[in-house]
Amino acid sequence: MSVVSLQLGQCGNQIGHELFSVISDDSNGPNRKKYKQCSDERFFYERSTGELVARSVLVDMEPKVISQAIAQASKSGRWRYGDKAHFSQKQGSGNNWANGFCVHGPHHEEAVEDLVRMEMERCDRLAGIFTMMSVAGGTGSGVIVQNYNSVLTLSHLYQLSDAILVHENDTVHKICSRLMNIKHISISDVNKVIAHQLASVLQPAYTAESPCHYSTNPIGELLTSLVCHPEYKLLSLCNIPQMSSTSLAYSVFNWPGLLKHLRQMLIASARMEEGIDWTVSAPSAVTSGGESATNSRHKNFNLSLANLLILRGKDVSTAVTDGFKDPALYVPWLKTENSFSSWTSPVAFNGYEKSATLVSNSQSLLKPLDNIVRKAWNMFASRAYVHQYTKFGISEEDFLDSFTALEQIISSYTHL
């Protein structure tokens, strides 16, 4: 089954290009015929000339980033974007989120939908639509008002999406600095880390439903594994190891060590191997009085609804994942066998002999989401910059509705 990607704005188009590049490079390794066939079917279609064309639509109100992405893809010699699978105008949204949402969006909605429809019709079987974008509105929508933009974007996306996989800029920047040892970090460096993590989820793997051949429905099985209720759609992602190619050449990893670190990252809501809080532990399932344990040792414990563990590389069949099946990690109203899933592939991923990725539907995004809402609310209380939105049709009631929607999400995750 095929995945149609939708790349929106500067962020979405740059990450999309990096993602297709990682997928293409990873699939072209030695002894990967079936792996490559499955990957190509998901993300590309083949022209009569043999060229691979990304199943993707590129959208931005300014043409510069789209032109760069198209040129870079063609230059790779391995894949390219479709000749007409893009939409842009000669001017952007004037650094204003509301202008894009209320003016450009409705005006060009039909044209963009037609492009997406054409890509969908090229698929023999459609697995889903995978959208990449910045919830903060991108650099062109005003850094000062990025919390406003995030609140407005997330509140609308939550209604329309089956799931939202969130990457935090600060976390990715720290990965580049502390793990990748990059001295002068560029946007491209950040995008490469995000693309690596996304590809570690989307590339072919064996699942419980297809243990003998690569899964044909990655989006559907991802949602089935992680989104058990429409109130809970926020997904976070951890991937280990991640390091510079220089360090990788001198590093050796084993499955027990990788899984031990990844489990503690889950429990302590850490995004990197470095600086994990090892003092945080899962509470006992029940106390002697029959109530959940709540002592101070567990105050930072990250409770999960569901987790998906994806293991790739050498000797993957020997990896023991029992640590992620502990009922104490999960909400009591779901059976553990329905809360934990694992995918595997014996194929090494993107240069790493062994790698592990955990996609989690848990409380891990509560703190950053709460910070965004709090900062946006403090600005809104003094009506700071609100006029930039109201002049294009966003009312104060729209703001209040968005705040209410996100506060409900925060409340739902807080009281798991």
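Residue indices begin at 1 and follow the sequence shown. All of these numbers come straight from a predicted model, not from anything done at the bench.
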Residues Glu396 and Arg383 bridged, charged N to O under 4.0 Å = yes
query = Is atom CG of Asn378 surrounded by more than 12 heavy atoms (other residues, nucleotides or ligands) closer than 6.0 Å?
reply = yes
task = Let me see the working for Asn302 and Ser364 under side chain to side chain donor-acceptor pair (under 3.5 Å), right down to the final yes or no.
result = CA-CA 6 Å; Asn302 174 39; Ser364 62; 4.5 Å; no
request  = Step by step, work out the side chain to side chain donor-acceptor pair (under 3.5 Å) result for Ser27 and Ser39.
outcome  = CA-CA 7 Å; Ser27 300; Ser39 179; 3.0 Å; yes
inquiry  = So that I can tick it off, tell me whether Asp83 and Arg47 are bridged by a salt bridge, with the cut-off set at under 4.0 angstrom between side-chain N and carboxylate O.
reply    = yes
message = Over 60° means perpendicular and under 30° means parallel, so tell me whether Trp377 and Phe403 are parallel, tilted or perpendicular.
response = perpendicular
task = Return yes when atom CG of Asp162 has more than 12 non-hydrogen atoms of other residues, nucleotides or ligands closer than 6.0 Å, and no otherwise.
result = no
query = What pair of heavy atoms forms the shortest contact from Gly12 to Gln7, and how long is it?
reply = O-CB, 3.5 Å
query = Between Ser161 (side chain) and Ile164 (backbone), is there a donor-acceptor pair under 3.5 Å?
reply = no
request  = Give the C-alpha distance, both sets of side-chain angles, the deciding distance and a yes or no for side chain to side chain donor-acceptor pair (under 3.5 Å) between Ser411 and Thr414.
outcome  = CA-CA 5 Å; Ser411 177; Thr414 300; over 6 Å; no
query = If you count the non-hydrogen atoms of other residues, nucleotides and ligands that lie under 6.0 Å from CD in Glu337, is the total more than 12?
reply = yes
request  = Assess the side chains of Ser395 and Asp398: does a donor N or O sit below 3.5 Å from an acceptor N or O?
outcome  = yes
inquiry  = Check whether Asn361 reaches the backbone of Val227 with its side chain - one donor and one acceptor, N or O, closer than 3.5 Å.
reply    = no
inquiry  = Return the CD1 to CG distance between Ile310 and Leu358, rounded to the nearest 0.5 Å.
reply    = 8.5 Å
task = Hey, can you tell me if Tyr232 and Tyr413 have their rings parallel, tilted or perpendicular (30° and 60° cut-offs)?
result = perpendicular
message = Please tell me whether Phe392 and His387 form a close aromatic pair, meaning their ring centres lie under 6.0 Å apart.
response = no
inquiry  = Any heavy-atom pair between the side chains of Val320 and Leu259 that's under 4.5 Å?
reply    = no
request  = Evaluate the criterion salt bridge (charged side-chain N to carboxylate O under 4.0 Å, His left out) for residue pair Lys367 and Asp370; output intermediate values, then yes/no.
outcome  = CA-CA 5 Å; Lys367 185 176 180 180; Asp370 190 55; over 6 Å; no
request  = Look at the aromatic rings of His261 and Trp278 and report parallel, tilted or perpendicular, splitting at 30° and 60°.
outcome  = perpendicular
key: side chain to side chain donor-acceptor pair (under 3.5 Å) assessment of Ser362 paired with Ser304   = CA-CA 4 Å; Ser362 68; Ser304 297; 4.5 Å; no
message = Checking Lys192 against Ser188: is there a side-chain donor and acceptor pair closer than 3.5 Å?
response = yes
request  = Flag the pair Arg42 / Ile23 as yes when at least one side-chain heavy-atom distance between them is below 4.5 Å, and no otherwise.
outcome  = no
ask   = Do Tyr148 and Phe399 have ring centroids that are under 6.0 Å from one another?
value = yes
request  = Verify the neighbour count for atom NZ of Lys36: are there more than 12 heavy atoms of other residues, nucleotides or ligands below 6.0 Å?
outcome  = yes
Salt bridge (charged side-chain N to carboxylate O under 4.0 Å, His left out) between Glu113 and Arg117, intermediate numbers included = CA-CA 6 Å; Glu113 286 180 347; Arg117 176 181 53 77; over 6 Å; no
task = For Gln10 and Asp60, test the side chains for any donor-to-acceptor distance below 3.5 angstrom and give the result as yes or no.
result = no
task = Answer yes or no: does atom CG of Asp124 have more than 12 heavy-atom neighbours from other residues, nucleotides or ligands under 6.0 Å?
result = no
request  = Kindly state whether the ring of Phe87 and the ring of His108 have centres lying under 6.0 angstrom apart.
outcome  = yes
task = State yes or no: are the ring centers of Phe44 and Phe20 separated by less than 6.0 Å?
result = yes
request  = Specify whether Tyr35 and Tyr214 have parallel, tilted or perpendicular ring planes, treating 30° as the upper limit for parallel and 60° as the lower limit for perpendicular.
outcome  = perpendicular
message = Are Trp79 and His17, when compared by the centres of their aromatic rings, separated by less than 6.0 Å?
response = yes
